[in-house]
Structure formats: structure tokens, C-alpha cells
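Just so you know, these numbers use all the heavy atoms, side chains as well, and skip hydrogens, waters and symmetry mates.
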2 protein chains.
Amino acid sequence: MTETQAKYQEVAGCLRNEIRHGGYTVGQQLPLEKELCEMYGVSRTTVKRAVDVLVAEGFVVKRRGAGTFVKALDRGIVQHLNQEKQFGGFTEYYAGYDIGTKVLHYAVVHPTEEVARLLMIEPDDFVYDISRLRLVSGKPIVVEYTQMPLKRIPELPKDVLNHSIYRYLENELGLRIQSAHRRLRAVMPTGEEKELLGIEGRMPLLEVTQTAFLADGLPFEYSISRHRGDKMVYRVVSIR
Amino acid sequence: MTETQAKYQEVAGCLRNEIRHGGYTVGQQLPLEKELCEMYGVSRTTVKRAVDVLVAEGFVVKRRGAGTFVKALDRGIVQHLNQEKQFGGFTEYYAGYDIGTKVLHYAVVHPTEEVARLLMIEPDDFVYDISRLRLVSGKPIVVEYTQMPLKRIPELPKDVLNHSIYRYLENELGLRIQSAHRRLRAVMPTGEEKELLGIEGRMPLLEVTQTAFLADGLPFEYSISRHRGDKMVYRVVSIR
DNA sequence: GAGTGGTCTAGACCACCCC
DNA sequence: GGGTGGTCTAGACCACTCG
């Protein structure tokens with residue numbers, strides 16, 4: 001079953017493929033918006049939206065008065081752009097690999113004041129309190145500390161923790177994850193984390209603190225992920 | 001001189017202020033798009049664009065069939081959203097603080113093969129090779145290693161290095177910075193970096209590797225910034 | 001079923017780049 | 001000055017949510 005797509009998504013997809021597979025090469029000017037309208041049989045508004053998708057993904061730049069140009073990107077990087085939606089967290093990020101999970105801790109507790117504030121709940125509400133070690137090909141990669149309000153996730157079977165919580169929320173509970181606010185820092189592992197992650201000597205961790213939101217605008221997750229510094233690179237394309 | 005703004009920017013600004021200063025509170029539904037059209041005297045397309053700005057900034061969520069809602073965000077976080085454009089680099093990030101710069105190294109060299117590839121130049125082209133220590137209130141915060149092709153930045157007076165290179169490029173050379181592709185990692189400092197950054201004991205660094213692009217789509221900078229882990233937090237809002 | 005935001009159109013005018 | 005992308009409009013139809 002192929003999803004029905006909006007026209008602008010289809011046009012964006014075509015252009016993306018052309019760029020990726022060399023139809024339009026690095027530094028080259030794209031056809032004018034007017035020409036793209038004719039080529040794809042759509043209005044100019046639709047073409048503009050399509051091209052804006054590629055701008056956001058980092059493939060092209062638009063210059064008023066001049067045209068639209070493929071960014072001068074290294075071929076290797078072109079392939080990686082737009083690969084990682086950075087949602088679905090760990091499971092999606094490492095899709096295709098041999099993923100393992102070890103549940104370290106699973107309880108229901110009251111949140112700290114700070115977490116209650118960030119999750120927009122009361123300190124005497126309850127949250128799931130979960131710690132998991134995630135592995136790729138049997139090797140530990142990241143420790144995740146997750147808190148989710150029972151208020152918003154009424155049910156969370158223990159078995160789910162061994163797989164993707166996000167997938168469960170979306171597929172089983174029908175909840176739609178809308179956005180995430182993240183903060184990244186470099187930290188040192190605790191003694192326990194060194195052991196869990198199999199770190200000998202000195203290795204820093206990339207810590208990602210995340211508040212994630214459902215489609216209704218309410219936060220449903222506060223989590224801290226601490227990744228082995230040698231295994232995690234976080235990519236961002238930022239447009240002016 | 002107030003800049004002339006697009007209507008959708010103005011409307012977005014109004015809504016942003018309302019949210020920040022409590023006119024619309026957390027979790028609340030915004031007026032319908034049709035109502036906003038009347039309130040601001042603009043077309044629906046313009047309202048949609050305005051609201052889309054706020055979605056991208058992380059303030060609100062839109063739900064087809066339901067409405068637009070202010071995200072349930074902690075007040076402290078609401079204030080910080082959309083503060084940091086993350087361009088202009090260090091100088092803009094710490095605007096208002098007492099900033100210092102110590103130039104460690106300034107030369108013209110050939111790039112490595114990798115850097116040549118990323119900057120889309122030839123290995124026998126030349127690049128500025130700059131190392132700087134940046135300080136806030138006299139305290140060292142970050143070491144920056146920067147390479148820029150002479151091809152694209154024909155002139156770079158030594159004096160500029162003591163201030164903001166970006167500001168020089170924009171204001172003096174009239175170059176417009178369009179986007180940046182970044183990779184973030186956690187690393188340990190070298191012995192030299194420990195000394196430069198005044199680190200005693202174990203402290204990790206947040207490394208930001210950046211390729212930055214001008215408006216013409218050509219890369220003009222490859223840089224590696226290594227920030228004291230206790231001073232740098234990188235924020236991202238990511239939308240599905 | 002009523003009402004929401006999502007997509008799309010055709011056309012207009014404007015700001016900017018470049019020759 | 002000719003041509004680019006940027007903004008804006010008015011109107012149409014659609015997909016989805018919710019009572």
C-alpha cells in the first residue's frame with residue numbers, strides 16, 4: 001500500500017531523487033519555478049512548497065532574483081540528508097540493526113518538582129519511571145532514563161519496554177508524537193554507567209535531554225539519554 | 001529604523017507576544033484561522049504561514065479537524081524559545097556578555113583532502129587556518145578551529161579575528177550566511193585544550209563540527225568548536 | 001454532520017539580482 | 001530593465017476530529 005501523498009510532497013520527492021542520483025548536480029541551478037510548474041503540471045504555490053521542503057532538508061538554496069541552486073555538498077553528505085527524522089528515538093535511528101534492550105528499572109513514582117513542571121503535571125501525580133540499556137549488535141550504546149505521566153499513557157505493559165515504546169504508543173494506543181524539545185550536553189559517565197556501557201578509561205557521553213509532545217500539545221515524556229561518545233553523532237541542518 | 005516586515009511575520013510576532021506574555025495561556029486553543037483572518041485583516045494563507053512559524057519555533061501545535069493549541073510548556077522554556085538563531089556563532093550567542101578572543105594561530109595552508117571535499121575546493125587551493133580561544137567575562141569557554149577558502153573570502157584582515165568573523169563577512173564583505181550543517185559529539189580535551197580552557201580533572205567537551213554555506217549555496221567555512229561541557233548546552237526543537 | 005486545518009489554484013504585485 | 005523568487009489574495013475542495 002503506497003500512501004497517498006500531497007502533490008508538493010511528490011514533487012519534492014522527485015527533485016530530491018534527481019539531486020541524490022545526479023540528475024541535478026552540485027552547484028547547478030534548478031529549473032525556474034515557472035518551468036517546474038509546467039514540468040509537473042502544478043501551480044506555482046505548490047512548486048514553492050516542494051522546493052521549501054528541500055531547503056529545510058539542506059539540499060538547495062533559493063535566491064530571489066537569481067534562482068534556486070543545489071548546495072555544494074559532498075556526495076557522502078547528500079546521501080545522509082533527510083535520512084534521520086530523529087523521531088521514534090533509538091529504535092528508528094538504528095532501524096535495520098540488531099537491537100537489544102535491557103530493562104534496568106521499571107516503577108511508578110511521583111515526579112520531582114522539575115519534572116512535574118516540564119511534564120505539566122502535579123507533583124502528586126504519578127509517572128512511569130524507566131531505565132533501559134539499549135544495545136546494537138549486542139554492544140551497549142546508550143542508557144535511557146524515561147518518565148511518562150500515567151495520566152496520558154494509561155497503560156504500558158512491561159513487555160513493551162523490551163521493544164520500542166514509541167511504536168507501541170503510535171500503533172497500539174493511537175497516540176501521535178508531534179514534536180520534541182531537546183538539549184544536548186557533554187558529560188562524564190557515572191561509575192554505574194561506565195559499567196553498563198562497558199567503558200574502560202575515559203570516555204565522555206553525549207547527553208540528550210528531551211521533552212516530547214503529543215499531537216494535543218501536551219508533553220508525554222521527559223527523558224535523558226546518555227550515549228557513548230564514540231557511537232553517537234547528532235546532526236542538525238539549520239537555516240537562517 | 002524599523003525593518004519592514006512581511007505581514008505573516010507581523011502576525012506571527014503578535015501571536016508570539018500574546019503567548020509569551022500570557023494573552024494565550026498554555027494548553028489554550030488559539031482563535032480559528034478564519035477568526036485570525038478577520039482579527040488581523042489578512043487572508044487565510046497568510047494566517048496559516050504565520051501560525052506555521054510558531055509551529056516551527058515550538059510554541060503551538062495544529063490539529064486538522066480540531067484547532068490550534070498552545071503547547072503545554074513550562075513558562076521558563078517559553079521565554080527561551082526562538083531566542084537563539086544559532087547563527088553568528090559565538091559572538092551572537094553570547095551577545096551582551098563581555099566577550100574576549102585570543103588568536104592562537106593564523107596561517108594560510110592547503111586543506112586536507114577531507115576538508116577540501118567538504119568545502120568543495122581542490123586540495124591545492126588555499127584556506128585560512130585559524131585557531132581561536134573565546135572567552136566570556138575573561139573565562140575561556142571554547143576553542144575554535146576554522147578553515148575558510150581564500151577563493152571565497154578574498155580578504156580577512158588579521159584584526160577581524162579579534163572580533164566576529166561572521167559580522168565582518170556580512171557587514172563588510174556583504175556576504176550572506178544562509179545555512180549550516182552541524183554534527184555534535186562528546187569528546188575529551190587534549191592536554192593542550194585542558195590548559196587553554198582551564199580544565200582541571202576530568203571534563204568532557206561538546207564538539208560542534210560545522211560546514212557553513214553562503215547564499216550562493218557554496219560552503220565558506222569548515223569549523224570545529226570544542227566547548228567546555230559545563231558551559232554549553234545545544235537546544236533543538238524538532239517537529240515531525 | 002458540522003466544523004477544523006490541509007492542499008491547491010490562478011493571478012497579482014513586489015523586492016531583489018544581475019546584466 | 002528583464003527576470004528571479006517572495007508575498008499575498010480569494011476561493012475551492014478535501015481529510016480529519018468530534019460530538
Side-chain angles (χ1 to χ4, degrees), chain A residues 1 3-15 28-56 59-71 170 173-176 178-179 214-218 239-240, chain B residues 1-13 15 28-56 59-71 170 173-176 178-179 214-218 239-240:
Chain A
M1 284 296 156
E3 294 273 336
T4 49
Q5 277 196 49
K7 275 191 200 173
Y8 79 91
Q9 292 285 9
E10 278 182 29
V11 175
C14 290
L15 294 174
Q28 186 180 340
Q29 178 165 12
L30 286 191
L32 305 185
E33 293 187 347
K34 201 175 16 166
E35 295 168 354
L36 289 172
C37 292
E38 289 169 10
M39 291 167 62
Y40 292 100
V42 298
S43 74
R44 188 161 159 230
T45 311
T46 301
V47 162
K48 291 171 85 57
R49 261 189 98 169
V51 176
D52 283 342
V53 170
L54 299 189
V55 170
F59 285 104
V60 304
V61 294
K62 300 208 270 190
R63 288 160 61 205
R64 166 151 53 175
T68 301
F69 302 83
V70 180
K71 261 193 201 170
E170 298 226 309
L173 297 189
L175 298 173
R176 171 123 183 120
Q178 193 264 351
S179 64
L214 295 174
D216 60 7
L218 293 174
I239 308 290
R240 173 118 178 177
Chain B
M1 286 293 158
T2 48
E3 292 274 337
T4 51
Q5 276 197 49
K7 276 190 197 174
Y8 80 92
Q9 292 285 8
E10 278 182 30
V11 175
L15 294 173
Q28 186 180 342
Q29 178 165 13
L30 249 48
L32 305 184
E33 293 187 348
K34 202 177 10 169
E35 294 168 355
L36 290 172
C37 292
E38 290 168 11
M39 291 167 62
Y40 292 101
V42 299
S43 74
R44 188 159 159 235
T45 312
T46 302
V47 162
K48 292 171 85 57
R49 259 189 101 170
V51 176
D52 283 341
V53 171
L54 299 189
V55 171
F59 285 105
V60 304
V61 294
K62 300 207 271 191
R63 288 161 61 206
R64 166 154 47 175
T68 301
F69 302 84
V70 180
K71 261 193 201 170
E170 298 225 310
L173 297 190
L175 298 173
R176 170 126 184 119
Q178 194 264 349
S179 64
L214 294 175
D216 60 6
L218 293 173
I239 308 289
R240 173 119 177 177

Would you call K48(B) and V51(B) a side-chain contact if the rule is heavy atoms closer than 4.5 Å?
-> no

How would you label the contact of R44(A) with the nucleic acid (heavy atoms, under 4.0 Å): base, sugar-phosphate, or nothing?
-> base

Quick one: Q9(B) CD to dG6(D) P, roughly how many Å, whole number?
-> 13 Å

May I have the distance from L36(A) (atom CG) to dT4(D) (atom P), rounded to whole angstrom?
-> 12 Å

Is any side-chain N or O of Y8(A) closer than 4.0 Å to OP1 or OP2 of dT7(C)?
-> yes

Using a cut-off of strictly less than 4.0 Å, decide whether R63(A) has a side-chain nitrogen or oxygen near OP1 or OP2 of dT4(D).
-> no

In whole angstroms, how far is the P atom of dC8(C) from the OH atom of Y40(A)?
-> 15 Å

Under 4.0 angstrom, heavy atoms only, what part of the nucleic acid is K7(A) near: base, sugar-phosphate, or nothing?
-> sugar-phosphate

Look up atom NZ in K71(B) and atom CG in D216(A), then write down how far apart they are to the nearest 0.5 Å.
-> 11.5 Å

Atom CD of Q29(A) and atom P of dC18(C): how far apart are they, to the nearest Å?
-> 11 Å

Check the distance between dC16(D)'s P and R64(B)'s CZ and give it to me in whole angstrom.
-> 5 Å

So what does V42(B) touch, heavy atoms closer than 4.0 Å: a base, only the sugar-phosphate, or nothing?
-> sugar-phosphate

Listed nucleotide nearest any side-chain atom of K34(B), set dT4(C), dC8(C), dT4(D) | dT4(C)

Phosphate oxygens OP1/OP2 of dA10(C): is one of them under 4.0 Å from a side-chain N or O of T45(A)?
-> no

Is the side chain of Q9(B) donor-acceptor paired with the backbone N or O of A6(B) at a distance under 3.5 Å, no angle test?
-> no

Short side-chain N/O contact from K62(A) to OP1 or OP2 of dG6(D), under 4.0 Å = yes

Which residue, A66(A) or S43(A), contacts DNA chain C at a nucleotide closer to its 5' end, judged by nearest heavy atom?
-> S43(A)

Taking CZ from R49(B) and C1' from dT7(C), how many angstroms apart are they, rounded to a whole number?
-> 15 Å

Rounded distance in Å - CG (D52(A)) to P (dC8(C)) = 13 Å

Where each residue is assigned the nucleotide of DNA chain C containing its nearest heavy atom, which of G65(A) and G65(B) is assigned the position nearer the 5′ end?
-> G65(B)

Non-neighbouring partners of V11(A) that pass side-chain contact (heavy atoms from CB on, under 4.5 Å), sequence neighbours left out = L15(A), Y40(A), A50(A)

Atom-pair distance (CD1 on I239(A); P on dG6(D)), nearest Å = 13 Å

Check: R63(A) main-chain N/O paired with Q178(B) side-chain donor or acceptor under 3.5 Å | no

So, is K48(B) near the phosphate of dG5(C), with a side-chain N or O under 4.0 Å from OP1 or OP2?
-> no

